[in-house]
Protein chains: 2
Amino acid sequence: MPKSIARTYSQYSRDAAALLGSLIREARNEHKLTAQELADRAGISRGLLQRIEKGNLKCEIGAVFEVATIVGIKLFEADGNALTKQLHHTKEKLTLMPKSVRRKSRKVIDDF
Amino acid sequence: MPKSIARTYSQYSRDAAALLGSLIREARNEHKLTAQELADRAGISRGLLQRIEKGNLKCEIGAVFEVATIVGIKLFEADGNALTKQLHHTKEKLTLMPKSVRRKSRKVIDDF
DNA sequence: TTATTATGTTCTATATATGAATCAAAGGAA
DNA sequence: TTCCTTTGATTCATATATAGAACATAATAA
């Protein structure tokens, strides 16, 4: 990760992460799960779980999704099956669309 | 990250990430945005965007949220304002709940 | 109150995700 | 077809997120 400069995030992204973290925290309490227990189930450290619950945007999305799934927070869809359905549908749409994005040539316009 | 062993993810998490990636890809095409352009707007590299669209679970959630937000994919809520409302509501609930999870003492039962 | 457990916080070593560069392959326009 | 662009797929150097430990603080039960 060379040339890295502190990344900026939009307010919406920060709110979304904070909300998801709070939802996880709430769900964990309702499930009567210790931070350590939930972390163990998700295969992550307690420290990482804490950062997730705080809405830290630098956590890997896989860890966040795992934790959310364990405590019963459904991403995107209410019933589980709809997820894969929508996935297949989306992928079918993709095959029918142009493979690459291409706008009108800039080169030709620029030089003359 | 010591003692790291290839992390495993649930099928649901993998599907969720794959779906989100496909949705991003689709939205990007509809917005007529080049991968490079979207990556620039999100402040990430094109390679990272590629992995996000592939549903790679090891990407940082902040980058994924940024990209999703830019192409108009709303996380969790349809209208933007409801997000913060729900956030405040959730945090209020948290203050009314026990601060820590504690089950009946195991020590006392175990030894005697 | 006291004892015990959960959570918060900081630190360090290291595994690894990321940015950048490169090349190949594919796609769309003329 | 030929050109130009976009995308896919590598590779590598390095910035950094993570695991783990240690400790402090907070919170619950008795």
Side-chain angles (χ1 to χ4, degrees), chain A residues 1-7 9 17 21-22 24-26 28-29 31-40 42-64 66-67 94-112, chain B residues 1-7 9 17 21-22 24-26 28-29 31-40 42-64 66-67 94-112:
Chain A
M1 196 197 283
K3 282 297 176 51
S4 179
I5 304 170
R7 209 173 271 171
Y9 302 99
S22 293
I24 289 173
R25 175 67 177 248
E26 184 181 358
R28 177 170 70 81
N29 285 338
H31 284 244
K32 296 281 188 287
L33 280 176
T34 290
Q36 188 65 60
E37 290 172 337
L38 178 53
D40 289 342
I44 66 176
S45 66
R46 187 169 66 93
L48 177 53
L49 175 59
Q50 250 189 121
R51 291 169 55 220
I52 292 174
E53 292 185 345
K54 270 191 171 184
N56 190 310
L57 284 164
K58 293 187 175 294
C59 306
E60 72 172 52
I61 195 171
V64 180
E66 279 300 300
V67 171
L94 279 179
T95 63
L96 298 177
M97 295 178 63
K99 310 293 179 167
S100 63
V101 174
R102 182 178 291 247
R103 277 177 306 312
K104 49 179 75 84
S105 172
R106 290 169 286 237
K107 184 92 170 300
V108 180
I109 300 180
D110 290 349
D111 60 24
F112 66 96
Chain B
M1 196 196 284
K3 284 294 178 53
S4 179
I5 302 171
R7 210 174 268 171
Y9 301 99
S22 293
I24 290 172
R25 174 67 177 251
E26 185 181 357
R28 178 170 69 81
N29 284 338
H31 285 245
K32 296 279 187 287
L33 279 176
T34 290
Q36 188 64 59
E37 291 173 337
L38 178 53
D40 289 343
I44 66 176
S45 65
R46 187 170 66 93
L48 177 53
L49 176 59
Q50 251 187 108
R51 293 169 55 220
I52 291 175
E53 291 185 346
K54 269 190 169 184
N56 189 310
L57 284 164
K58 294 189 175 294
C59 307
E60 72 171 53
I61 196 171
V64 180
E66 278 302 298
V67 172
L94 279 179
T95 62
L96 299 177
M97 296 178 62
K99 310 293 181 171
S100 64
V101 174
R102 184 178 289 252
R103 277 178 305 311
K104 50 180 75 83
S105 173
R106 287 168 290 233
K107 184 90 171 301
V108 181
I109 300 179
D110 290 348
D111 62 23
F112 68 94

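Order of the sequence lines sets the chain letters (A, B, ...), proteins ahead of strands, with each chain counted from 1.
Summarising the geometry, the separation between CD on A:Gln36 and C1' on D:dA21 is reported as 12 Å, rounded to the nearest angstrom. If you measure from atom CD of B:Glu53 to atom P of D:dT7, you get 8 Å, rounded to the nearest angstrom. With rounding to whole Å, B:Asn56 atom CG is found 14 Å from D:dT10 atom P. In this structure, CG of A:Asp40 is placed 12 Å from C1' of D:dA19, rounded to the nearest angstrom. Rounding to whole angstrom units, CD of residue A:Glu66 and P of D:dT18 are separated by 14 Å. To the nearest angstrom, P of D:dT7 lies 7 Å from CG of B:Asn29. The distance between atom CD1 of B:Ile61 and atom C1' of C:dT18, rounded to the nearest whole Å, is 17 Å. Distance A:Glu60 CD to D:dA19 P: 8 Å, rounded to the nearest Å.
Here the side chain of B:Arg28 pairs a donor or acceptor atom with the backbone of B:Leu33 at under 3.5 angstrom. Using a distance-only test at 3.5 Å, with no hydrogens or angles considered, a donor-acceptor pair links the side chain of A:Ser45 to the main chain of A:Leu48.
Heavy-atom distances to DNA chain C give each of B:Ser45 and B:Val101 a nearest nucleotide, and the one nearer the 5′ end belongs to B:Val101. Positionally, the nearest nucleotide of DNA chain D for B:Ala35 lies more toward the 5' end than for the other of B:Ala35 and A:Ala63. Mapping B:Ile44 and B:Ser100 onto DNA chain C by nearest heavy atom places B:Ser100 at the nucleotide closer to the 5' end.
The shortest side-chain heavy-atom distance between B:Ile44 and B:Leu49 falls under the 4.5 Å cut-off.
Side chain of B:Thr34, nearest nucleotide from D:dA17, C:dA6, D:dT7: D:dT7. Which of C:dT9, C:dG19, D:dG8 sits closest to the side chain of B:Leu48 comes down to C:dG19.
In this structure, A:Lys54 reaches the C:dT9 phosphate: one of its side-chain N or O atoms is under 4.0 Å from OP1 or OP2. Here B:Arg51 does not reach the OP1 or OP2 of D:dT7: none of its side-chain N or O atoms lies under 4.0 Å away. Contact annotation: A:Lys99 does not reach the phosphate of C:dA26 (side-chain N/O to OP1 or OP2, under 4.0 Å). For the OP1/OP2 pair of D:dA19 and a distance below 4.0 Å, the side-chain nitrogens and oxygens of B:Arg7 include at least one atom meeting the criterion. For B:Arg25 and D:dG8, the shortest distance from a side-chain N or O to OP1 or OP2 is below 4.0 Å.
Checked by distance alone, A:Arg46 brings a side-chain donor or acceptor within 3.5 Å of a matching partner on the base of C:dG8. On a pure distance criterion of 3.5 Å, a polar donor-acceptor pair joins the side chain of B:Arg102 and the base of C:dT5.
One finds no salt bridge joining A:Glu66 and B:Arg7 here, because no Lys/Arg side-chain nitrogen approaches an Asp/Glu carboxylate oxygen to under 4.0 Å.
Across B:Arg25 and B:Glu53, no two heavy atoms sit closer than the pair CD-OE1, 3.2 Å.
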